[in-house]
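First up is the structure itself, then whatever we jot down about it.
Computed from a prediction, not measured in an experiment: that's the story for all the values here.
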Amino acid sequence: MHIGLIGLGKMGGNMRTRLRAAGIEVTGFDRNPDVTDVATVEEMIAALPAPRTVWVMVPAGKITDDVIGELNELLSAGDLVIDGGNSRFTEDFKHAELLSAKGIDYIDAGVSGGVWGLENGYGLMVGGSVAQVERVMPIFDALRPEGPREEGFVHVGEVGAGHYAKMVHNGIEYALMQAYAEGFELLEKREDIIRDVPGTFKAWQRGTVVRSWLLELLVRALDEDDDLSEIDGYVEDSGEGRWTIEEAVANAVPVPTISASIFARFVSRQDESPAMKAVAALRNQFGGHAVKKSEE
């Protein structure tokens, strides 16, 4: 199998490597000449056998819109576009409608795994027709973690379902990170009785009910900076958390924990917060998201 991949950043570049290691031929395009395989999107498409498959891995919003618009002009009936970025699910309907007018198929793929996906594999949530998902299943199998397919991959439903599932996944992620972060601040506050905060989190990694990969990443962050003094407590939100709350309001589903985690991030942009330092450190660990260095 041979696919095109547009966007070779932190995740896209690692995905190209993982796909190639599994025997999938990849021709990648990126505006950065240091990482791209070809000089233009046209050259990438020309290298692909028909029917072509192109995976788009660029930031959500206008950049994704522009790339899909360009592919709509260059691809042909029977080709397939997969959007693996963090697009809002409502954008999938628009993109699928645009492409379908030319007979081009579309799949939306929610992808989780961050910078660790190359080694661990990526959790995949996809939306699209059964026929198209089956057509590119070797790609999904190459990207997902080892083990039973159903524990790292799900065909959630029709177009839009993959990004919807990923949106809810990220809303939950916000809340989990906030819980660990608040626990970090409370433990740190009682230094008169808690002498080893990093060691406490480390001891929770086996046997306890709060063990998780996020906990492991927080332990890793504390190993690198035991009081997180080198990280500024400023935390961005990437959109999916907000979208989750908007969907909850629209469907009358109470999500107080996820909502609180979003508002906590807004607090981080006002005053220094140990809890927000922990959230910033976690985002940097799993996704390579930039952190601000403390000026202290």
Side-chain angles (χ1 to χ4, degrees), residues 9-11 14 59-60 85-86 110-123 125 145 166-189 194 196-206 208-245 255-296:
K10 294 171 187 172
M11 287 185 68
N14 282 346
N86 282 329
V111 182
S112 181
V115 296
W116 296 90
L118 173 59
E119 178 181 352
N120 299 334
Y122 300 89
M125 299 142 267
K166 178 59 162 46
M167 174 190 72
V168 176
H169 166 281
N170 281 29
I172 293 170
E173 176 189 294
Y174 274 48
L176 290 172
M177 287 196 290
Q178 188 63 30
Y180 284 128
E182 291 172 7
F184 167 77
E185 181 169 357
L186 185 57
L187 288 168
E188 188 183 59
K189 186 69 70 173
I194 300 295
D196 187 357
V197 174
T200 301
F201 281 101
K202 188 171 292 187
W204 290 351
Q205 291 182 100
R206 296 182 184 275
T208 78
V209 296
V210 299
R211 63 190 185 274
S212 72
W213 185 43
L214 280 174
L215 178 62
E216 293 173 15
L217 293 174
L218 182 55
V219 169
R220 180 184 176 91
L222 291 170
D223 282 342
E224 296 171 359
D225 179 10
D226 63 4
D227 60 358
L228 303 181
S229 60
E230 297 181 7
I231 295 177
D232 186 71
Y234 181 100
V235 183
E236 290 284 2
D237 64 288
S238 58
E240 286 120 328
R242 296 188 187 204
W243 302 339
T244 302
I245 294 172
V255 289
T257 306
I258 295 173
S259 299
S261 70
I262 297 294
F263 293 130
R265 293 196 178 192
F266 298 159
V267 171
S268 82
R269 300 165 200 178
Q270 298 169 5
D271 300 312
E272 188 69 7
S273 167
M276 288 301 100
K277 286 175 178 282
V279 173
L282 276 168
R283 292 180 83 244
N284 177 253
Q285 286 291 329
F286 72 74
H289 299 288
V291 296
K292 290 187 175 184
K293 294 295 183 181
S294 175
E295 297 179 359
E296 295 181 357

Legend entry - Worked check of side chain to side chain contact (heavy atoms under 4.5 Å, CB included) between N14 and Y122: CA-CA 10 Å; N14 282 346; Y122 300 89; 3.3 Å; yes
Legend entry - D225 side chain to E230 backbone, donor-acceptor under 3.5 Å: yes
Inset, instruction - Check H169 against S112 and note the closest heavy-atom contact, atom names and distance. - result: CE1-OG, 3.2 Å
Legend entry - Which atom of T257 lies closest to which atom of A175, heavy atoms considered: CG2-CB, 3.7 Å
Legend entry - Closest non-hydrogen atom pair between M177 and V279, with its separation: O-CG2, 4.0 Å
Inset, instruction - Output every pair passing salt bridge (Lys or Arg N to Asp or Glu O under 4.0 Å) with a member in residues 171-180, not counting sequence neighbours, ordered by first then second residue. - result: none
Inset, instruction - Any chance you could measure N284, atom CG, to L217, atom CG, to the nearest 0.5 Å? - result: 10.0 Å
Inset, instruction - State the CG-CG distance between D223 and L218, to the nearest 0.5 angstrom. - result: 9.5 Å
Inset, instruction - State, to 0.1 Å, how close G123 and P145 come at their nearest heavy-atom pair, and which atoms those are. - result: N-CD, 4.4 Å
Inset, instruction - State, with a plain yes or no, whether a side-chain heavy atom of F184 is found less than 4.5 Å away from one of L222. - result: yes
Legend entry - Any donor-acceptor N/O pair, R283 side chain to A280 backbone, under 3.5 Å: no
Legend entry - Polar side-chain atom of Q205 near backbone of K202 as donor-acceptor pair, under 3.5 Å: yes
Let me have the donor-acceptor pairs involving side chains of residues 114-121, under 3.5 Å, with sequence neighbours excluded, atom names and distances please.
residue, atom, partner, partner atom, Å
W116, NE1, Q285, O, 2.6

Legend entry - E240 side, atom CD; I262 side, atom CD1 - distance, nearest 0.5 Å: 10.0 Å
Inset, instruction - Taking all heavy atoms of I258 and all of I172, pick out the closest pair and write down the distance. - result: CD1-N, 4.0 Å
Legend entry - Intermediate values then yes/no, salt bridge (Lys or Arg N to Asp or Glu O under 4.0 Å), E216 and R220: CA-CA 6 Å; E216 293 173 15; R220 180 184 176 91; over 6 Å; no
Inset, instruction - Report the C-alpha separation of E182 and Q178 in whole Å, then their side-chain angles, then the decisive distance to 0.1 Å, and conclude whether the side chain to side chain contact (heavy atoms under 4.5 Å, CB included) test is met. - result: CA-CA 6 Å; E182 291 172 7; Q178 188 63 30; 3.0 Å; yes
Inset, instruction - Can you label the angle between the Y180 ring and the F201 ring as parallel, tilted or perpendicular, going by 30° and 60°? - result: perpendicular
Legend entry - Minimum heavy-atom distance between L215 and V210, given as atom pair plus value: CD2-O, 3.8 Å
Legend entry - Residues R242, R265; criterion side chain to side chain contact (heavy atoms under 4.5 Å, CB included); working and verdict: CA-CA 11 Å; R242 296 188 187 204; R265 293 196 178 192; over 6 Å; no
